[in-house]
Amino acid sequence: MTTTKNKQSLRKHIRQLLTEYPSVVLSHMSGEIMLQLEQTDVFQSAAVVLLYHSLPDEVNTHAFISRWYQHKTLLLPRVDEDRLSLHQYTGPDCLSEGKWNIQEPDEPAFTGYRQISLAIVPGVAFDTAGHRLGRGKGYYDRLLSTRQMAHVQRIGVAFPFQVMDSIPYEAHDMIMHQVITCTQPDLTGCQ
């Protein structure tokens, strides 16, 4: 099976696993993951952080953004054609629905990439070596592979069922420096 077919199969498998978790459990896990992230030295020392405004099937970042945007410069991506541009989050009123139904900031583009010290990156799956499987459009790989972003620490955040020993990857796929997850919850009795 080709790498592309393997990636598609894994995406489908993860989508299925997501349906097995009640939203309250996903929310609880998201809180644990983001708390761990807050406690890392790299986050504590970062003044400018690239983050994402989560979709329902991703580690939820909404409360985290609300808690930190007045203390750090938080940048959220906006899909512009085949690339991501970065824009500062200045509060809930700066968001509007963009491509792929993602809430994106309306603020002017942020161009001081050298100021960014941390990128918090979503993914469909990660492996223990830091390889990341995204949704297949390559937006984050293109952004993070630019010379301007070479110095940025990359942290993936994922539910425990999204972290595996090994996932399919290609040479152009960006590797995370760290992947943060939480313990697998016991779903016995969950509806």
Output field: ring centroids Phe43/Phe64 closer than 6.0 Å = yes

task = May I ask you to test the Met29-Pro160 pair for a side-chain heavy-atom distance under 4.5 Å?
result = yes

query = Nearest 0.5 Å, what's the CD1-CE distance between Ile167 and Met164?
reply = 8.0 Å

query = Is it the case that one hydrophobic cluster holds both Ile175 and Tyr140, taking links as side-chain heavy atoms less than 4.5 Å apart, direct or via other members?
reply = no

message = For the residue pair Thr90 / Glu107, report whether a side-chain donor-acceptor contact shorter than 3.5 Å exists.
response = yes

Atom pair CG/NE2 of Leu95 and His87 - distance to nearest 0.5 Å = 11.5 Å

Pairwise distance CD(Glu81) to CZ(Arg83) - rounded to 0.5 angstrom = 9.0 Å

message = Donor-acceptor pair, distance only, cut-off 3.5 Å: does the side chain of Arg154 make one with the backbone of Met174?
response = no

inquiry  = Using the rule side-chain contact (heavy atoms from CB on, under 4.5 Å), only one of Leu50, Leu76, Ile116 pairs with Phe110; which is it?
reply    = Ile116

inquiry  = With a 4.5 Å cut-off on side-chain heavy atoms, are Ile155 and Leu118 touching?
reply    = yes

request  = Please tell me if the side chains of Glu38 and Arg67 come closer than 4.5 Å, counting only heavy atoms from C-beta onward.
outcome  = yes

inquiry  = When you compare the side chains of Ser30 and His28, does any donor N or O come within less than 3.5 Å of an acceptor on the partner?
reply    = no

request  = Report the distance from atom CD1 of Ile120 to atom CE of Met34, rounding to the nearest 0.5 Å.
outcome  = 5.5 Å

task = Measure the CG-CG distance between Leu74 and Leu86 for me, rounded to the nearest 0.5 Å.
result = 12.0 Å

key: Residues Asp80, Ser85; criterion side-chain hydrogen bond (donor to acceptor under 3.5 Å, both in side chains); working and verdict   = CA-CA 6 Å; Asp80 290 330; Ser85 59; 2.4 Å; yes

task = Classify the side-chain pair Ser96/Asp106 by whether it contains a donor and acceptor separated by less than 3.5 Å.
result = yes

ask   = What about the rings of Tyr21 and Phe161, do their centers lie closer together than 6.0 Å?
value = yes

task = State, yes or no, whether a side-chain contact exists between Val59 and Ser54 at a heavy-atom distance under 4.5 Å.
result = no

request  = State, yes or no, whether a side-chain contact exists between Leu26 and Leu18 at a heavy-atom distance under 4.5 Å.
outcome  = yes

key: Separation between NZ of Lys72 and CD of Gln88, rounded to the nearest 0.5 Å   = 13.5 Å

inquiry  = In the structure I gave you, are the side-chain heavy atoms of Arg135 and Leu55 within less than 4.5 Å of one another anywhere?
reply    = yes

task = Treat each ILVMFWY residue as a node, draw an edge where side-chain heavy atoms are under 4.5 Å apart, and state whether Leu35 and Ile33 are in one component.
result = no

query = Can you say whether the rings of His131 and Tyr169 are parallel (under 30°), tilted (30 to 60°) or perpendicular (over 60°)?
reply = parallel

inquiry  = With a 4.5 Å cut-off on side-chain heavy atoms, are Asn101 and Glu97 touching?
reply    = yes

query = Do the side chains of Leu133 and Asp127 get nearer than 4.5 Å, heavy atoms only?
reply = no

